[in-house]
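Throughout, protein chains are lettered first and strands after them, A, B, ... in sequence-line order, and every chain is numbered starting at 1.
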Amino acid sequence: MLNLSYQLVELKFDVDLPFNVFDDEPGENTEELIELYTEYGFSMWLKQLADQIKEKPITKTIEPLVSESQDQKSTLLLQEFTQTLILKQADFESLLKQLSECTSFVFDLETNSLDYMNAEIVGLVFLLDKQSYYLPVARDYLDAPEQWSRQSVMKSLKPILESKVIGKICQNLKYDAHVLANIGIDLSGIVDDTMIKSYCLNSVATRHNMDDLSEYYLGHKTIHYADVAGSGKKQLTFNQVNIEEALPYACEDVIVTSELNKILESKLQQYPKLMTLYRTLELPLVNIILKLERNGVLVAEVSLFNQQVQIKSEMQEIQTQAFEIAGDEFNLESPKQIQQILFSEEGLGLKPKKKTTKGQPSTNEEALKQLDHPLVDLIMSYRTLTKLNSTYLEALPKQINRQTGRLHTSYHQAVTATGRLSSSKPNFQNIPIRTDQGAKIRSAFVSDKGNVILAADYSQIELRIMAHISKDKNLIEAFANNIDVHSATAAQVFNTELSEVSKEQRRKAKAINFGLIYGMSAFGLAKQIDVSRTEAKQYIDGYFENYPGVLKFMDETKEKAKSQGFVETILGRRLYLPQINAKNKMLQQHALRTAINAPMQGSSADIIKQAMLGIQAWINRENNGVKMIMQVHDELVFEMDANKTKEYAEDIGLMMSNAAKLSVPLVVDVGIGDSWQEAH
DNA sequence: GTGGCGTCC
DNA sequence: CAGAGGGACGCCACT
């Protein structure tokens, strides 16, 4: 098979693969790529092609990857739907009547910005049965026909959009809910979100934006935004797009959403646990995340500015010293130039310790740490400082919303493979904490006047989940007795009394505990804690001897993953592992490690999501003014009135602990302070 | 747009 | 024999 593949490369066939396999010169990893593609079902095609190659070179185009979902592919017939532009008062009133009398409709907003806090409505799109309607409310181009006043239109629509009995079906409804919230409309009666639905069904089969979903599930290529609005600098906002172009684009959105919703519903019905996950966890969570984002976080700009001044002067000093040692000026932020200076003959001529994926000498921290040269230390310090400066100190103030004076991140509910949220613009989930200088940034995340910050995080949640899932007696016992789990592991592995465990032993045990969660090998552990591979192997063996349940769990998980092609969390969320039976060992091993990790990472996500639902319900019920403002995987951060903090801290801690009933206690650490840093 | 690097859990 | 740690996002240099 592989030989054939090489022939294929050498003959330089003109083939269109769905990915850029042969864009570059055939390199070292060509074999790997061929393997990858054969795993994805190209083997048959390659075989056929190979037979033909023997005869004479040919040109052939491969159809894009056919997805598993195609067995149930619905054929979307756009012409079955009407597309109506609403411009006259009478038509609008008739639409209003239809909307107010229906049980549910599909709905989408066209806006002038992706920034959810500032976006304004440009048009509204509705679908009832097979009729789609586009209602433009803000057109801004030459010769634009007469238009509605947005205000009066929205006033008429408000009762419908806020109705709990008229159902709404959307793609990524959180965004539309934001834009409506900006003008005081509280979107209610949510029945479906196709983005979330697709994510629950299969998190990894496709991305969950409408264009990709349409291609994957309907085999229909949608009109893309860039097709009507252009791209890059010349991109128009939707209000500048001609109505003739806007109409089919807008209407297609609701038509596709409707068709997607139907097919996703029928698929999800085949998996009751996933349906429950969707209906009772993920879909209700949309509104909680909406609230979380709108609450935002107050940031002390002055503090960030002062830190920036300080760090910039430190950077200046380091740069001067570095140039002196190097004997020349160079860009301290360029790995390529650093490489030249450290490793080339003309430079320092140091011996590289590690290579990048491209085979060049690596200059990352791990590699640099092993080199002994003053310039290396300067480079590492400089890196740390520029990171803090550019990613946080400079970037955060720019993103403060000038109306609310707060930072509003975007949480993404349909991105990660495992069920975690992700966060961007700005990313709240990678704010520094490890070093003092880094953690100082958290001191700029503050509470408003009269308020405090409360941070509550699950202690060792993934290890507890491992204890729960594996049912390992020793591990469960350690947690049940509230013993420090790393010390307990150290006592077991090093065969000492718990009271005799040294700091060094605990450190190693901690690395073992975490390493195992990620499926780390003896090699990796050895590197991590700087012992020989043999020694690391002994530790791991020792661990499994003492926690046989964990070993059993891992073996069973791997076997299950191989036989059924997916692993599950405690709520039945599935993570499919398409490469679990790959012939390419590297790909398969990666899938196996994922199989080990996903049940723990994913279950942890399940639990904190449950907690978020419960806590927001409590906030609404008590109407106590508590604001949930951040989620960082195993931590929730709140802002609240400073007077009631003690009581609320206990409530929140309890709700988080009780979010799931495991065979070990879920311990939550709660801290309070004027800033996020103090609250830790 | 990609690769390298670094931040978090 | 190589490669041997799960999941994210953002910044910079470089092409």
Identify whether any heavy atom of [X] sits under 4.0 Å from a base atom; if not, whether one sits that close to sugar-phosphate; answer base, sugar-phosphate or nothing.
{"X": "A/E635", "result": "nothing"}
{"X": "A/K585", "result": "nothing"}
{"X": "A/I433", "result": "sugar-phosphate"}
{"X": "A/G524", "result": "sugar-phosphate"}
{"X": "A/A417", "result": "sugar-phosphate"}

In terms of side-chain geometry, is the basic nitrogen of [X] or [Y] positioned less than 4.0 Å from the acidic oxygen of its partner?
{"X": "A/R406", "Y": "A/E639", "answer": "yes"}
{"X": "A/R442", "Y": "A/E678", "answer": "no"}
{"X": "A/D436", "Y": "A/K440", "answer": "no"}

Would you kindly give the [atom1]-to-[atom2] distance between [X] and [N], to the nearest whole Å?
{"X": "A/L342", "N": "B/dC5", "atom1": "CG", "atom2": "P", "result": "11 Å"}
{"X": "A/H590", "N": "C/dA4", "atom1": "NE2", "atom2": "P", "result": "9 Å"}
{"X": "A/L385", "N": "B/dC5", "atom1": "CG", "atom2": "P", "result": "18 Å"}
{"X": "A/I431", "N": "C/dA8", "atom1": "CD1", "atom2": "P", "result": "19 Å"}
{"X": "A/L587", "N": "C/dA4", "atom1": "CG", "atom2": "P", "result": "11 Å"}
{"X": "A/R573", "N": "C/dG7", "atom1": "CZ", "atom2": "C1'", "result": "13 Å"}
{"X": "A/I441", "N": "C/dG10", "atom1": "CD1", "atom2": "P", "result": "15 Å"}
{"X": "A/L396", "N": "C/dG10", "atom1": "CG", "atom2": "C1'", "result": "11 Å"}

Answer yes or no: does atom CG of A/D555 have more than 12 heavy-atom neighbours from other residues, nucleotides or ligands under 6.0 Å?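 Counting neighbours around CG of A/D555, more than 12 heavy atoms of other residues, nucleotides or ligands fall under 6.0 Å, so yes.
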What do you reckon, is NZ of A/K552 surrounded by more than 12 foreign heavy atoms closer than 6.0 Å?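 Result for NZ/A/K552: open.
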At under 4.0 Å, does any side-chain N or O of [X] touch on OP1 or OP2 of [N]?
{"X": "A/Q631", "N": "B/dC9", "value": "no"}
{"X": "A/H633", "N": "C/dC9", "value": "no"}
{"X": "A/R593", "N": "C/dA4", "value": "no"}
{"X": "A/K336", "N": "C/dT15", "value": "yes"}
{"X": "A/N331", "N": "C/dC12", "value": "no"}

Distance-only donor-acceptor hits, side chain of residues 605-612 of chain A, under 3.5 Å, sequence neighbours excluded:
from: A/D606; atom 1: OD1; to: A/R573; atom 2: NE; distance (Å): 3.0
from: A/D606; atom 1: OD1; to: A/R573; atom 2: NH2; distance (Å): 3.0
from: A/D606; atom 1: OD2; to: A/T569; atom 2: OG1; distance (Å): 2.6
from: A/D606; atom 1: OD2; to: A/L571; atom 2: N; distance (Å): 3.3
from: A/K609; atom 1: NZ; to: A/E282; atom 2: OE1; distance (Å): 3.2
from: A/K609; atom 1: NZ; to: A/E282; atom 2: OE2; distance (Å): 2.7
from: A/K609; atom 1: NZ; to: A/G419; atom 2: O; distance (Å): 2.7

Inter-nucleotide C1' distance (B/dG6, C/dG3), Å rounded: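 One C1' to the other, the span is 23 Å.
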Which value, in whole Å, describes the distance between the P atoms of nucleotides B/dC5 and C/dA4?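 It works out to 15 Å between them.
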Aromatic ring centroids of A/F514 and A/H486 under 6.0 Å?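 Ring-ring flag for A/F514/A/H486: true, centres closer than 6.0 Å.
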Which value, rounded to the nearest 0.5 Å, describes the distance between A/T363 atom OG1 and A/L342 atom CG?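 Reported value, rounded in 0.5 Å steps: 7.5 Å.
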Side chain of A/E333 only, please: which of C/dG6, C/dA13, C/dG10 is the nearest?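 In terms of side-chain proximity for A/E333, the closest of C/dG6, C/dA13, C/dG10 is C/dA13.
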Minimum-distance nucleotide (side-chain atoms of A/S424 versus C/dC9, B/dC5, C/dG7):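 Of C/dC9, B/dC5, C/dG7, C/dC9 is nearest to the side chain of A/S424.
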Identify each donor-acceptor pair in which a side-chain atom of residues 201-209 of chain A lies under 3.5 Å from a protein atom, sequence neighbours left out, and give them as a table.
from: A/N202; atom 1: OD1; to: A/V204; atom 2: N; distance (Å): 3.0
from: A/N202; atom 1: OD1; to: A/A205; atom 2: N; distance (Å): 3.1
from: A/S203; atom 1: OG; to: A/A417; atom 2: O; distance (Å): 2.9
from: A/H208; atom 1: ND1; to: A/S198; atom 2: OG; distance (Å): 2.7
from: A/H208; atom 1: NE2; to: A/S203; atom 2: O; distance (Å): 3.0
from: A/H208; atom 1: NE2; to: A/T206; atom 2: O; distance (Å): 3.2

Take the angle between the ring planes of A/F428 and A/Y411 and call it parallel below 30°, perpendicular above 60°, tilted in between.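 Ring orientation of A/F428 relative to A/Y411: perpendicular.
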Strand contacts (DNA chain C) in [range], 4.0 angstrom heavy-atom criterion:
{"range": "residues 529-537 of chain A", "answer": "A/R533"}
{"range": "residues 595-607 of chain A", "answer": "A/N597, A/Q601"}
{"range": "residues 354-384 of chain A", "answer": "none"}

Begin with the C-alpha distance, continue with both residues' side-chain angles, and end with the deciding distance and a verdict on side-chain contact (heavy atoms from CB on, under 4.5 Å) for A/W676 and A/I629. CA-CA 11 Å; A/W676 191 15; A/I629 58 174; over 6 Å; no
[X] side chain vs [Y] backbone, donor-acceptor pair below 3.5 Å:
{"X": "A/T409", "Y": "A/S424", "result": "yes"}
{"X": "A/R464", "Y": "A/P665", "result": "yes"}
{"X": "A/E215", "Y": "A/D211", "result": "no"}
{"X": "A/Q631", "Y": "A/L421", "result": "no"}

Please list, in numerical order, the residues of residues 386-395 of chain A that have a heavy atom closer than 4.0 Å to any atom of DNA chain B.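 Output list: A/K387, A/Y392.
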Side chains of A/N513 and A/T489: donor-acceptor distance under 3.5 Å anywhere?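 Yes.
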